[in-house]
Amino acid sequence: MSLSTNTQIGLIAGLVLAIAGIVGGFGGFVLALILGAIGLGVGRWLDGDLDLSELSERSGLSGRGRDKVR
């Protein structure tokens, strides 16, 4: 049996956001949501599930793909 499943992680994340909303109001909820999203991105990057170079190429920030025919 695994230590935690995606359902359990989602439940815990929801409970933490609910507590942040109750204790800190709407501002606390938004701050917890933003920090959670940043933590998710860092965690996915450390696990190798997030390729930042691929994201920059898709967004056009890398400068590649400018040779489109007009």
Side-chain angles (χ1 to χ4, degrees):
M1 183 170 122
S2 68
L3 195 55
S4 61
T5 63
N6 290 332
T7 303
Q8 291 170 337
I9 292 171
L11 175 64
I12 291 170
L15 291 173
V16 168
L17 288 174
I19 291 170
I22 291 168
V23 173
F26 184 72
F29 173 76
V30 171
L31 180 64
L33 196 59
I34 291 170
L35 292 176
I38 292 170
L40 174 67
V42 169
R44 289 191 67 188
W45 179 69
L46 290 174
D47 287 342
D49 294 336
L50 181 65
D51 184 10
L52 295 178
S53 62
E54 180 182 328
L55 290 176
S56 67
E57 287 176 10
R58 280 193 215 169
S59 67
L61 294 175
S62 66
R64 298 180 187 169
R66 292 186 182 204
D67 56 345
K68 294 180 182 177
V69 177
R70 293 182 186 203

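Distance check: Leu35 CG to Leu40 CG gives 12.5 Å after rounding to the nearest 0.5 Å. Taking CG from Leu31 and CG from Leu17, the interatomic distance works out to 10.5 Å, rounded to the nearest 0.5 Å.
Transitive grouping of hydrophobic side chains (ILVMFWY, heavy atoms separated by less than 4.5 Å) keeps Val16 and Ile19 in distinct clusters. Placement of Val23 and Phe26 in two distinct hydrophobic clusters is found when ILVMFWY residues are connected by side-chain heavy-atom separations under 4.5 Å, directly or transitively.
Scanning all heavy atoms of the two residues, the minimum distance from Ala32 to Ala20 falls at CB-CB, 3.7 Å.
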